[in-house]
Amino acid sequence: LAMSERRLRFASAVTHELRTPLTALQLHLDLLTSGLITDEGKKAEYLATVAAETDRLNRLVENVLAFARLEKSSALAMARPIPVAEVLDTLQQTWADRLRGEGFELVA
């Protein structure tokens with residue numbers, strides 16, 4: 001799929017996923033603020049639903065933001081060529097330190 005088509009599908013899926021908790025929030029808040037719900041048990045139930053849907057909405061937004069950060073960082077990571085010697089040197093330093101911490105020695 002083309003990048004623009006994937007983005008459109010992603011935006012459509014995200015919009016759909018965001019609408020569900022927003023609709024539930026709006027419905028329950030409208031009922032609570034209208035004064036139509038007088039039973040304290042029902043009010044508590046509706047408030048619990050509002051809290052749960054708010055948590056769900058927060059998780060969805062965080063997931064979208066995390067995805068955007070990943071996409072941005074992967075695009076940045078691919079933005080420039082890196083010499084193989086630089087990559088190997090970094091790997092060797094990282095693993096040598098880790099192995100030394102465990103009592104081993106990296107032999108290159």
Side-chain angles (χ1 to χ4, degrees):
L1 296 178
M3 182 64 82
S4 60
E5 186 177 338
R6 285 191 300 221
R7 285 187 177 154
L8 284 173
R9 285 184 178 190
F10 177 75
S12 176
V14 167
T15 302
H16 174 75
E17 289 299 319
L18 292 174
R19 279 190 185 148
T20 304
L22 283 172
T23 301
L25 284 169
Q26 186 175 16
L27 170 69
H28 288 86
L29 287 171
D30 286 348
L31 288 170
L32 287 166
T33 59
S34 70
L36 293 174
I37 308 301
T38 56
D39 179 78
E40 291 302 317
K42 279 288 184 198
K43 284 183 182 179
E45 179 184 326
Y46 286 11
L47 285 172
T49 300
V50 166
E53 291 300 322
T54 300
D55 287 345
R56 179 178 177 193
L57 189 57
N58 278 326
R59 283 192 310 273
L60 287 168
V61 169
E62 285 302 317
N63 287 343
V64 171
L65 291 173
F67 178 78
R69 283 190 297 269
L70 282 173
E71 189 170 295
K72 182 180 177 183
S73 68
S74 68
L76 291 175
M78 293 182 208
R80 66 178 179 89
I82 301 172
V84 173
E86 182 181 320
V87 173
L88 293 175
D89 185 50
T90 302
L91 286 171
Q92 182 177 4
Q93 288 175 11
T94 301
W95 281 104
D97 291 343
R98 287 182 183 177
L99 290 169
R100 201 173 326 153
E102 297 295 321
F104 295 98
E105 179 184 352
L106 178 65
V107 178

When every non-hydrogen atom of A24 is compared with those of E53, the smallest separation belongs to CB-CG, 3.7 Å

Under the side-chain contact (heavy atoms from CB on, under 4.5 Å) test, residues paired with T54 that sit two or more places apart: L25, V50, N58

Contacts of L99 that satisfy side-chain contact (heavy atoms from CB on, under 4.5 Å) - sequence neighbours left out: F104, L106

Do L22 and L65 sit in the same hydrophobic cluster, where Ile, Leu, Val, Met, Phe, Trp and Tyr count as joined when their side-chain heavy atoms come under 4.5 Å apart? yes

With rounding to the nearest 0.5 Å, note down the distance linking CD1 in I37 to CG in D30. 11.0 Å

Residues 24-64 vs ring-ring contact (aromatic ring centres under 6.0 Å, His included), sequence neighbours excluded, gives H28-Y46

As an exercise, state the distance from NZ of K43 to OG1 of T38, rounded to the nearest 0.5 Å. 7.0 Å

Approximate separation, where rounding is to 0.5 Å, of Q93 CD and L88 CG: 11.5 Å

Applying salt bridge (Lys or Arg N to Asp or Glu O under 4.0 Å), which residue pairs with at least one partner in residues 86-97 are found, sequence neighbours left out? D97-R100

Using a side-chain heavy atom cutoff under 4.5 Å and only I, L, V, M, F, W and Y, what cluster partners does L36 have? none

Check this for me, if you would: do R59 and E62 make a salt bridge, where the nitrogen-to-carboxylate-oxygen distance has to be below 4.0 angstrom? no

Counting only heavy atoms not in Q26, do more than 12 sit closer than 6.0 Å to its CD atom? no

Can you tell me how far CG of D55 sits from CG of L60, rounded to the nearest 0.5 angstrom? 11.0 Å

Go through the structure and list residues passing ring-ring contact (aromatic ring centres under 6.0 Å, His included) with F10, not counting sequence neighbours. F67

Would T20 and R56 count as a side chain to side chain contact (heavy atoms under 4.5 Å, CB included) if you check the C-alpha gap in whole Å, the side-chain angles of each, and the deciding distance to 0.1 Å? CA-CA 10 Å; T20 304; R56 179 178 177 193; 3.5 Å; yes

